[in-house]
Amino acid sequence: MVEYTPKERLARALKGQPVDRMPAVSFTQTGTVEQMEASGAFWPEANEDAQKMAALAEAGHTVVGFEAVRVPFDITAEAEFFGCKIKAGTREQQPSVVGHVVKDAADIEKLSGYDINKGRISVVCDAIKILADKYGKELPIMGSMIGPFSLAQHMNGDDWFMAIFTDEAFGLALMEFTTEFNIAYAKKMAENGADTMVIIDPTASAQLIGAQFYEKFVVPYHKKIVDAMRELNVATVLHICGDTTKGLALMESSGVDSISVDQNVDVATAVSKVDKAIIVGNLDPVNVLWNQTPEVVKEASQKVLDAGVGLLAPGCGIVSKTPTENLRAMVEMAKSHKY
């Protein structure tokens with residue numbers, strides 16, 4: 001069989017096409033303290049400076065061995081762009097959203113006319129350009145963004161979950177707004193060299209809001225992003241936290257190429273619930289990757305591989321204190337696996 005470049009290998013694997021072996025990648029955040037020390041690019045500066053962001057992303061490849069580079073490392077830049085209050089991150093912890101900006105339809109209107117080339121999202125796009133210029137011919141260049149449902153929740157706060165039940169017009173208007181932004185942002189990342197787009201939509205769970213509301217408030221908007229990326233030949237990966245088993249068919253109906261599942265999902269069951277989407281996951285980032293040994297990581301990896309996972313990866317974002325040797329053990333298991 002032909003030996004592919006990492007870029008070719010992942011592109012084919014995400015389409016379910018034959019490859020020489022499994023790609024070794026992480027679709028969720030990759031930054032760790034040990035990589036920061038090796039690269040000299042530390043949080044929180046590496047969340048705000050394009051050169052440092054690119055340097056830390058590169059360490060995922062040069063230090064750990066991931067066969068791709070991925071930015072950013074957090075999911076707050078989008079909310080910050082629209083004026084949400086952010087709790088600053090540290091060297092070990094990511095920033096978080098603590099203040100919201102949308103209460104009603106009038107507030108949505110006030111936020112229109114934004115410039116996609118400003119704020120920290122432009123830093124992410126610049127980092128992608130740096131990485132693409134250096135690695136774009138060989139490695140997959142992954143862009144990542146918070147999905148439209150979770151961005152709406154960041155903007156509206158905890159009222160969001162009640163809003164979709166009690167004020168459909170407002171809920172749909174905010175989803176249209178966030179999705180329009182997501183598409184513009186994703187297109188900018190693709191223009192700068194991203195060939196894979198990861199949609200992290202942690203609160204968009206059918207288990208959380210129910211299948212009926214997921215079908216109305218999530219599926220059509222994910223599909224708009226997927227369709228826009230497909231026009232640009234950019235693969236799409238969707239990650240939603242929690243036990244998404246019962247919602248996998250709905251998640252797939254948006255047309256995503258791949259679905260990332262977390263450690264609460266049984267991989268064999270997940271594979272049986274989808275028709276074409278590639279199932280990614282799902283090593284426990286805390287109880288396995290962070291707090292165990294390379295030997296345990298390899299044992300856990302083998303179980304996930306035996307269950308039929310399409311791509312071995314963390315079940316969620318990598319914990320910043322995760323030892324490099326544990327991540328290398330996961331990479332080794334992926335690289336040694338043939339479909």
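Remember, it's a predicted structure, so these values are computed and weren't measured experimentally.
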* To do: Carefully, step by step, assess Lys276 and Glu252 under the rule salt bridge (charged side-chain N to carboxylate O under 4.0 Å, His left out).
  => CA-CA 8 Å; Lys276 294 181 179 180; Glu252 184 181 30; over 6 Å; no

With the 4.5 Å side-chain cut-off for hydrophobic clustering, are [X] and [Y] part of the same group?
{"X": "Val123", "Y": "Leu131", "result": "yes"}
{"X": "Val98", "Y": "Trp160", "result": "no"}
{"X": "Ile86", "Y": "Ile200", "result": "no"}
{"X": "Phe66", "Y": "Leu305", "result": "yes"}
{"X": "Met155", "Y": "Met162", "result": "no"}

State plainly whether the residues [X] and [Y] are in salt-bridge range, i.e. N to O under 4.0 Å.
{"X": "Arg120", "Y": "Glu48", "value": "no"}
{"X": "Lys216", "Y": "Glu168", "value": "yes"}
{"X": "Arg230", "Y": "Asp257", "value": "yes"}
{"X": "Asp195", "Y": "Lys7", "value": "yes"}

Would you say [X] and [Y] make side-chain contact, with heavy atoms under 4.5 Å?
{"X": "Pro95", "Y": "Pro44", "answer": "no"}
{"X": "Pro72", "Y": "Ile121", "answer": "no"}
{"X": "Arg9", "Y": "Asp20", "answer": "yes"}
{"X": "Arg21", "Y": "Tyr4", "answer": "no"}

Any donor-acceptor pair under 3.5 Å from [X] side chain to [Y] backbone:
{"X": "Gln153", "Y": "Phe161", "result": "no"}
{"X": "Gln35", "Y": "Thr30", "result": "yes"}
{"X": "Glu78", "Y": "Ile146", "result": "yes"}
{"X": "Thr196", "Y": "Met142", "result": "no"}
{"X": "Thr178", "Y": "Leu174", "result": "yes"}
{"X": "Thr5", "Y": "Glu8", "result": "yes"}
{"X": "Ser258", "Y": "Ile278", "result": "yes"}
{"X": "Arg12", "Y": "Pro18", "result": "yes"}
{"X": "His100", "Y": "His154", "result": "yes"}
{"X": "Glu215", "Y": "Leu250", "result": "no"}

* Asked: Nearest 0.5 Å, what's the CD1-CG distance between Ile128 and Asp133?
  ->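 Atom-to-atom, Ile128:CD1 and Asp133:CG are 11.5 Å apart.
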
* Separation between CG of Leu139 and CD of Glu67, rounded to the nearest 0.5 Å ->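 Answer for the CG-CD pair, Leu139 versus Glu67, is 8.0 Å.
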
* Picking from Glu180, Glu176, Met175, Met229, what satisfies side-chain contact (heavy atoms from CB on, under 4.5 Å) with Lys224? ->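 Exactly one candidate clears the test, Glu176.
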
* Among Leu14, Val304, Ile279, find the residue that satisfies the side-chain contact (heavy atoms from CB on, under 4.5 Å) test when tested with Leu311. =>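 Looking at Leu14, Val304, Ile279, the match for Leu311 under the side-chain contact (heavy atoms from CB on, under 4.5 Å) is Leu14.
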
Do [Y] and [X] have ring centroids that are under 6.0 Å from one another?
{"X": "Phe82", "Y": "Tyr114", "answer": "yes"}
{"X": "His239", "Y": "Phe27", "answer": "no"}
{"X": "Phe165", "Y": "Phe213", "answer": "yes"}

* Report the relative orientation of the aromatic rings in Trp43 and Phe73; use parallel for angles under 30°, tilted for 30 to 60°, perpendicular for over 60°. =>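 If you compare the ring of Trp43 with that of Phe73, the planes turn out tilted.
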
Any idea which heavy atoms bring [X] and [Y] closest together, and the distance?
{"X": "Ile199", "Y": "Gly147", "value": "CG2-CA, 3.7 Å"}
{"X": "Val19", "Y": "Ala13", "value": "CG1-N, 4.0 Å"}
{"X": "Val280", "Y": "Ala313", "value": "CG1-CB, 3.6 Å"}

* Checking side-chain contact (heavy atoms from CB on, under 4.5 Å) for the pair Met251/Val256: CA distance, chi angles, key distance, verdict? -> CA-CA 8 Å; Met251 292 167 69; Val256 291; 5.7 Å; no

* Asked: Can you list the steps and then say if Asn47 with Gln94 is a side-chain hydrogen bond (donor to acceptor under 3.5 Å, both in side chains)?
  -> CA-CA 9 Å; Asn47 290 325; Gln94 289 291 15; 3.0 Å; yes

All side chain to side chain donor-acceptor pair (under 3.5 Å) counterparts of [X], not counting sequence neighbours:
{"X": "Asp126", "value": "none"}
{"X": "Ser144", "value": "Arg70"}
{"X": "Lys134", "value": "Glu58"}
{"X": "Asn192", "value": "none"}

* **Audit row: Asp243, Gln207, side-chain contact (heavy atoms from CB on, under 4.5 Å) steps and yes/no** => CA-CA 8 Å; Asp243 185 355; Gln207 182 186 34; 4.1 Å; yes

Can you give me every donor-acceptor pair (side chain of residues 323-331, partner residue at least two apart or in another chain, under 3.5 Å) with its distance?
unit_1 : atom_1 : unit_2 : atom_2 : d
Thr324 : OG1    : Glu34  : OE1    : 2.7
Asn326 : ND2    : Leu289 : O      : 2.8
Asn326 : ND2    : Gln292 : O      : 2.8
Arg328 : NE     : Val63  : O      : 2.9
Arg328 : NH2    : Val63  : O      : 2.9

* Going through the checks in order, is the ring pair (Phe, Tyr, Trp, His ring centres under 6.0 Å) test met by Phe181 and Phe81? -> CA-CA 11 Å; Phe181 163 79; Phe81 176 77; 5.5 Å; yes

* Just do the side-chain contact (heavy atoms from CB on, under 4.5 Å) check on Phe177 and Asn182 with the steps written out, would you? => CA-CA 9 Å; Phe177 180 84; Asn182 275 128; over 6 Å; no

* Are a donor atom and an acceptor atom from the side chains of Gln93 and Thr90 found within less than 3.5 Å of each other? ->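 Result is no, nothing qualifies.
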
* Do the side-chain N and O atoms of Thr203 and Ser150 include a donor-acceptor pair separated by under 3.5 angstrom? ->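 There is such a pair (donor and acceptor under 3.5 Å, judged by atom type) between the side chains of Thr203 and Ser150.
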
How about [X]: does its [atom1] atom have over 12 heavy atoms from other parts shown lying under 6.0 Å from it?
{"X": "Asn233", "atom1": "CG", "answer": "no"}
{"X": "Glu109", "atom1": "CD", "answer": "no"}
{"X": "Asn117", "atom1": "CG", "answer": "yes"}

* Take Cys241 and Ser205 through the side-chain contact (heavy atoms from CB on, under 4.5 Å) test and state the conclusion after the steps. => CA-CA 7 Å; Cys241 299; Ser205 170; over 6 Å; no

* Residue pairs passing the salt bridge (Lys or Arg N to Asp or Glu O under 4.0 Å) test where at least one lies in residues 293-312, sequence neighbours excluded ->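 Listed once each, the pairs are Lys298-Glu332.
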
* Does NZ or CZ of Arg91 lie under 6.0 Å from the centre of the six-membered ring of Phe42, at an angle within 45° of the ring axis? ->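 Pair Arg91/Phe42 counts as cation-pi.
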
